[in-house]
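Reading through the C-alpha cells given below for one structure.
Heavy-atom basis, side chains included; hydrogens, waters and symmetry copies ignored. The first residue of the sequence shown is numbered 1, and numbering continues consecutively from there. This structure is a prediction, so every number in the text was calculated from the model and none was measured.
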Amino acid sequence: MMLLFDPDPPFVRRYSFERNVSVEHTQRYTPEWFRNESDSMKSKKVEAIGYLLYHGGEEITEPSKLLSQAYLSKVENCVRFLPDQNEMTLRIARYWMKEFPEIPHVLLCDTALFAHLPAEASTYAIPYQLREDGIRRYGGDGLCHQWGWEQICGLKTKSYKRAVSIHLGNQTNIAALKNGKAVETTIGFTPIEGIISSNGCGDIDTAIVLQLISAGMSLEEINQTLSRDGGFTGLSDKRCKLIDILKQNNSDQNNFIRELFSYQILKYIGAFISVLGGVDAIVFICDYVDESNELIEEICRSLDFLHLKKREKVKASHSYWIFTGNNSEVDVFCFKYDKLKILEKKLINLITKEL
C-alpha cells in the first residue's frame, strides 16, 4: 500500500493506493490526528508515503523528489509562502519519516514546474528588496500541466514543441510550455491572480485593495472578498462552481459569467501563443469533460485564425478527446483530469526510477 497526504486546512486528506484501487479518507487536522492515523496504520503494510506541497517557493525545483532530512529543511524554508498548507505538509512528513524510516518518502510539489520561469515572466515591477524577499510569480498546478504535456508527447502522432495547457476546473489556470518547460503562467504569487475561478476574483487592480481599506474593511475581510466570495460566486451572488456555469440554463446572469470566463481564457491563450512564437497543441485538462465540450468548441471557433481544422464530430479515444482533424496546423485535445491517478503514477514512477 502507498499513502499520499494532501493538506486542505482545516482538514487533511489521506489517499491510499493498493492494487489499482484508491481510497480517500478526510479528517480534521487536530493534535489527536497523528495518534489516530498511527493507530489505523498498525495493521497495514505501508510501502511508500507521498506528500503534496502546494508552494515550493524558490527552494523546491523538482516536481517529484525522494525526501531526506536535508531536503526537508528546504520544505521548512517554504512554509512562509503558504503557511497553513505548507506547515501541515512539513509536520506530517516529519512524523511519518520518523515512524517509517525504512520506506521511501516522496515530495510532490505543485509549483516546481515554474521554478525556472524566465525573469520577464516571473518578475513584478516592485522595489528590489521586496523581490529579494521572494515576492515574484510562482505559478501553480504544475503537476497537472506536466501530466498534460506528457500525455500529448506520449501519443507519438506528431512532435510537439509548443503547447498551451489549460486546466479547466474550479481554479482554472493556463500554462505556456516549450519543450516541456514552463515559460508563462496565469498564476502569480498566489492563485488569485489570473482567470476568475469559482471563488477567486482573478486579475484585479491592486489599488482596489487600498480603496477597500479606506472604506473600513479589514485585511481579513478583503481576503475573504477576493479569494472566497469573488469569481463565479461573487458574480452570481451565491455559491457557484464551474459545473454550474457549464450548464446552459439560459439565464442572462449565467450567460454573462460564461462569456466573461471564455473571454479571459481566450485572452490568455492568445497572449501565450505570442510568447511561444506559435503553437503546436492546445491542451484542455478538464474536471468535467462531457460538460466542457461545448465551451471548448466555442473557444475553438474563436481561434479560427490559427487555421484549426475542426472535426464535425469530436473524436473520442479511450483516454482523450480530439477536436481537430489530421490536417490541422494546431491540434486541440481534451483530457479527463483524474488527480488521484496522476499522483499515484508520479509516486510509482519516481520510486521505480530511484530505487
(message) Main chain of Leu246, side chain of Arg258: is a donor-acceptor contact present, judged purely on distance under 3.5 Å?
(response) yes
(message) Does this structure show an ion pair linking Asp280 with Lys158, if we count only N-O contacts that are shorter than 4.0 Å?
(response) no
(request) Would you mind listing the cluster partners of Leu210? Hydrophobic ones only (ILVMFWY), side-chain contacts under 4.5 Å, chaining allowed. (result) none
(request) Could you tell me the separation between the OH atom of Tyr128 and the CG atom of Asp133, rounded to the nearest 0.5 Å? (result) 10.0 Å
(message) Which residues pass the ring-ring contact (aromatic ring centres under 6.0 Å, His included) test with Phe114, not counting sequence neighbours?
(response) none
(request) Please confirm whether the backbone N or O of Gly169 pairs with a side-chain atom of Thr172, one donor and one acceptor, at under 3.5 Å? (result) yes
(message) Run the side chain to side chain donor-acceptor pair (under 3.5 Å) test on Tyr51 and His105 for me, step by step, so that the C-alpha distance in whole Å, both residues' side-chain angles and the decisive distance to 0.1 Å come before the verdict.
(response) CA-CA 8 Å; Tyr51 312 90; His105 295 262; 2.8 Å; yes
(request) Decide, yes or no, whether a salt bridge links Lys339 with Asp287 under the criterion of side-chain N to carboxylate O below 4.0 Å. (result) no
(request) Identify the residue among Thr111, Leu107, Asp110, Asn77 that makes a side-chain contact (heavy atoms from CB on, under 4.5 Å) with Ile60. (result) Leu107
(message) Can you see whether Tyr138 has Arg136 sitting over its ring - NZ or CZ less than 6.0 Å from the centre and within 45° of the normal?
(response) yes
(message) Any carboxylate oxygen within less than 4.0 angstrom of a Lys/Arg side-chain nitrogen, looking at Lys45 and Glu18?
(response) no
(message) Whether the side chain of Ser274 engages the backbone of Gly270 through a donor-acceptor N/O pair (distance < 3.5 Å, no angle test) should be reported.
(response) no
(request) Give me the one residue out of Tyr15, Phe34, Trp33 that meets ring-ring contact (aromatic ring centres under 6.0 Å, His included) with Phe5. (result) Trp33
(request) In plain terms, say whether Asp229 and Arg239 are close enough for a salt bridge, that is, a side-chain N and a carboxylate O under 4.0 Å apart. (result) yes
(request) Please determine if Glu184 and Lys178 form a salt bridge, counting it only when a charged side-chain N lies under 4.0 Å from a carboxylate O. (result) no
(request) With rounding to the nearest 0.5 Å, note down the distance linking CD in Glu47 to CG in Leu347. (result) 12.0 Å
(request) Check ring-ring contact (aromatic ring centres under 6.0 Å, His included) between Phe284 and all other residues, then give those that pass, not counting sequence neighbours. (result) none
(message) Regarding Tyr54 and Asp6, do their side chains bring together a donor and an acceptor under 3.5 Å, going by distance alone?
(response) yes
(request) Verify whether one side chain among Thr186 and Asn173 offers a donor that lies under 3.5 Å from an acceptor in the other. (result) no
(message) As a quick check of understanding, evaluate side chain to side chain donor-acceptor pair (under 3.5 Å) for Thr30 and Glu32, giving each step before the final call.
(response) CA-CA 5 Å; Thr30 65; Glu32 294 77 32; 3.2 Å; yes
